[in-house]
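Note sheet for the following structure.
As a basis for the values below, the full set of heavy atoms in this structure was taken, side chains included, without hydrogen atoms, waters or symmetry mates. All values reported here derive from a predicted model rather than from experimental measurement. Just so we're on the same page: letters track the sequence lines, and every chain starts at 1.
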Protein chains: 2
Amino acid sequence: MKRVTIYDVAREANVSLATVSRVINGSNVVKAPTRERVENAVEKLGYKPNAIAQGLALQKTTTIGLVVPEASFTYTGQIINGLIDVAKIYNYNIMLHTITEGITDLNSVVEDIIKSHVDGVVIFDDKLRANDMATLNRYNIPVVVIGNKIEAKDVCSVYVNIEKAIYELVMKYLEEGKDKIAILEDRKNPQQYQYILKGAKKAYESKGKEFKGQLNLPTGTRTSYGFLKDWLKTHRYDLMVGYRDSQAMAIINAARENDISVPEEMEVVCVLDTKYNTIMRPQVSSFSIPSYDLGAVSMRMMTKMLQKDENEDREDSIELSYLFTSRQSTKE
Amino acid sequence: MKRVTIYDVAREANVSLATVSRVINGSNVVKAPTRERVENAVEKLGYKPNAIAQGLALQKTTTIGLVVPEASFTYTGQIINGLIDVAKIYNYNIMLHTITEGITDLNSVVEDIIKSHVDGVVIFDDKLRANDMATLNRYNIPVVVIGNKIEAKDVCSVYVNIEKAIYELVMKYLEEGKDKIAILEDRKNPQQYQYILKGAKKAYESKGKEFKGQLNLPTGTRTSYGFLKDWLKTHRYDLMVGYRDSQAMAIINAARENDISVPEEMEVVCVLDTKYNTIMRPQVSSFSIPSYDLGAVSMRMMTKMLQKDENEDREDSIELSYLFTSRQSTKE
DNA sequence: CTGAAAGCGCTAACAA
DNA sequence: TTGTTAGCGCTTTCAG
């Protein structure tokens, strides 16, 4: 069964296909009676314009590519939701790509993206570096990067200043004289981990001290919990910081195992949390990174890039703000 | 800057575009030297075939639509991962759509899907009913449904038999004489809740009893936890069943609040769990629904539908198996 | 206000 | 083995 085309509608309505095209694109030069004839035909035949053909003719597909890491973290879902919701408003479709270790790398994804002629691409991948964008750039596809601040032509970024967040947090503890602070590595988010580290180091520096609390997981370690269970037998801290709430919970579970009470003897904070944080006991104090907004703002930014007048300038990075929420894993 | 087309390559290599087309599509009728000239030209110009134009010419886009619910549940992420991984193997791209209450409904998504001329669509939406598929059917787009068993032409489904799982579970308890069993409503997954209920009812029936343990949240209740905290003041059970691990934790937290110890005084089981279940204390005994596999198998099924010979028969639904894993929230 | 025709980039007969 | 040409479904000048 062949799909009904613009020709079928034209024949049915006794007009040329040009007129049908005008009607479905809302041109206002078409006379009312003609328009009605066309609309009836469209309705009668159940005609839906073929986006592929439109894409060819217009040289734009009104779809944008979205790249996310394999890991189905909860916040990745949030980002996708935010992005799709605003994409919907602007009538963009989303082509989803993932980077799965052992199955897909960024190069092969970029290849697919170029072929598919999306109008732009939003990338959320902590492992992304500036030079990975070279190919995309060569085919001048507009790019929005989530999470990393990346400087390049035709590339915008939307992120949260985690370095600053941690700096402020650590400063507060240092000023209270609590300087035994540890930061747990997150292998899945190496870049974010670096930001966190940098924030902590700056804080220590400004107090004339040196930060030594970075806890890199030894190679071979499978889970943070497995590592921490032993580590905490011989180490004590005032504060431990994890990136995700699940890591914070690993810390807390390991602490419990060693009879370290949280928050009384040790406080725990994480950066990103999920709805599971409302279920956990204790609930973890955290910076509430607005994942949904990261997605939504990125897409909004993308639409702006796509309709920019060449001459018009626009900001090429947006810093979203965070909010620290104190819960049961810290003292106040 | 115009993108390089097949014409450019043809000119550069001094052949016709037909030959270029043959080379990029791996036809083996092209002579080696010619092939090389073309390949060099492709390389030199950085030519990538335009999938849109191919789509128009071939009447197939090698992309499939994926519809998921708004809720960024962890298992939705799993499903997406599974689906994309096998899509990648078969060189399919994924167009992602979400059903967001207040933003998008199934109808508008279906509209987009039809226009985009995807080769098929995979739908994971607990609220989906058979008649929702009417439009998709009218434009005869192959459909795979995840989670629900739906009977319709050109529709396949991949699911887990939760009814049976619960039946077996409840039977086991009934045989041990534990018949105070409650099942917590999951508003986000009404269909799954029904399946669970059915399983429990059957078990009770087969014992000549009537099941009365269905716990529907009163309208106005915002969280299961809020409801259960009070409810458990006046109700005692041998076993409580929640759909997701987060609900099971709500049950456990509410039980704690009422000094009901788990699993000693009350046991708790959930159907779907996430990685957070490994972090929680107690860990919840659960059926491990293979979310990743649900996605992967669906996509595999889709590829089969798309290459089916009209005459060749195939099964139109696949039941995936589950595995009950006993953890700290049950006695053995 | 409407129609005719060229073109978007590619594929697939059909010829040569 | 390679080239020519007619579509695929739609948009958009340019005439009328």
Next item on the list: Ignoring backbone atoms, establish whether Ser21(B) has a side-chain N or O less than 4.0 Å from OP1 or OP2 of dC10(C).
Entry: no
Item checked: d(CZ, Arg37(A); P, dG3(C)) in whole Å -> 8 Å
Margin query: Closest approach to the side chain of Tyr47(A), judged atom by atom: which nucleotide of dG9(C), dC10(D), dT2(D) is it?
Written below: dC10(D)
Note to self: Side chain of Thr19(A), heavy atoms from C-beta onward: which of dT2(C), dC10(C), dT2(D) has the nearest atom to it?
What the structure shows: dT2(C)
Next item on the list: Could you tell me whether Arg11(B) and Asp8(B) make a salt bridge, using a distance below 4.0 angstrom between a side-chain N and a carboxylate O?
Entry: yes
Margin query: Can you tell me which nucleotide in dG7(D), dC10(D), dC8(C) comes closest to the side chain of Gln59(A)?
Written below: dC8(C)
Next item on the list: Establish, with yes or no, whether the OP1 or OP2 oxygen of dG3(D) is under 4.0 angstrom from a side-chain nitrogen or oxygen of Ser16(B).
Entry: yes
Notebook entry, point to check: Under 3.5 Å, is there a donor-acceptor pair linking the side chains of Gln191(B) and Asp126(B)?
Noted result: no
Next item on the list: Compare side-chain N and O positions of Asn50(B) against OP1 and OP2 of dC8(C) and report whether any pair is under 4.0 Å apart.
Entry: no
Notebook entry, point to check: Within this structure, what is the CD1-to-C1' distance between Ile6(B) and dG7(C), rounded to whole angstrom?
Noted result: 16 Å
Check: Do the side chain of Asp119(A) and the main chain of Ile64(A) share a donor and acceptor less than 3.5 angstrom apart?
Finding: no
Next item on the list: Step through it carefully: locate the ring centre of Tyr75(B), locate the ring centre of Phe73(B), and say whether they are under 6.0 Å apart.
Entry: yes
Notebook entry, point to check: If you find the nucleotide of DNA chain D closest to Ala18(B) and the one closest to Leu56(A), which residue's nucleotide is nearer the 5' end?
Noted result: Ala18(B)
Next item on the list: Could you check whether Val29(A) gets within reach of a base, just the sugar-phosphate, or nothing at all, counting any heavy atom under 4.0 Å?
Entry: base
Notebook entry, point to check: Could you give the CD-to-C1' distance, from Gln54(B) to dG9(D), as a whole number of Å?
Noted result: 17 Å
Note to self: Tell me the interatomic distance from Ile52(A), atom CD1, to dC10(D), atom C1', rounded to whole angstroms.
What the structure shows: 12 Å
Checklist line | Overall bend - the helix from dC1(C)-dG16(D) to dA16(C)-dT1(D), comparing terminal axes fitted on five pairs, nearest 10 degrees | finding: 40°
Check: Rounded to whole angstroms, how far apart are CZ on Arg35(A) and P on dT2(C)?
Finding: 9 Å
Next item on the list: Could you check how far CG of Leu17(A) sits from C1' of dT13(D), rounded to whole Å?
Entry: 14 Å
Next item on the list: Could you state the atom-to-atom distance from CZ of Arg11(A) to P of dA4(C) in whole Å?
Entry: 14 Å
Next item on the list: Look at the side chain of Arg22(A) and decide which nucleotide, out of dC14(D), dC10(C), dC10(D), has an atom nearest to it.
Entry: dC14(D)
Notebook entry, point to check: Can we say Lys127(A) and Asp132(A) salt-bridge, meaning some charged N sits less than 4.0 Å from an Asp/Glu carboxylate O?
Noted result: no
Next item on the list: Could you state the atom-to-atom distance from CD1 of Ile24(A) to P of dT12(D) in whole Å?
Entry: 11 Å
Notebook entry, point to check: Between the side chains of Ser108(B) and Lys88(A), does any donor sit under 3.5 Å from an acceptor?
Noted result: yes
Note to self: Here's a test of your reading of the structure: between Asn14(A) and Tyr7(A), which maps to the more 5' nucleotide of DNA chain C?
What the structure shows: Asn14(A)
Check: With no hydrogens and no angle check, do the side chains of Thr34(A) and Arg37(A) hold a donor and an acceptor under 3.5 Å apart?
Finding: no
Next item on the list: Would you please say whether a donor-acceptor pair under 3.5 Å links the side chains of Tyr47(B) and Arg3(B)?
Entry: no
Margin query: Heavy atoms only, 4.0 Å cut-off, all strands: where does Val20(A) land among base, sugar-phosphate and nothing?
Written below: nothing
Check: Between dG9(D), dT12(D), dG3(D), which nucleotide has the shortest distance from any of its atoms to the side chain of Val15(B)?
Finding: dG3(D)
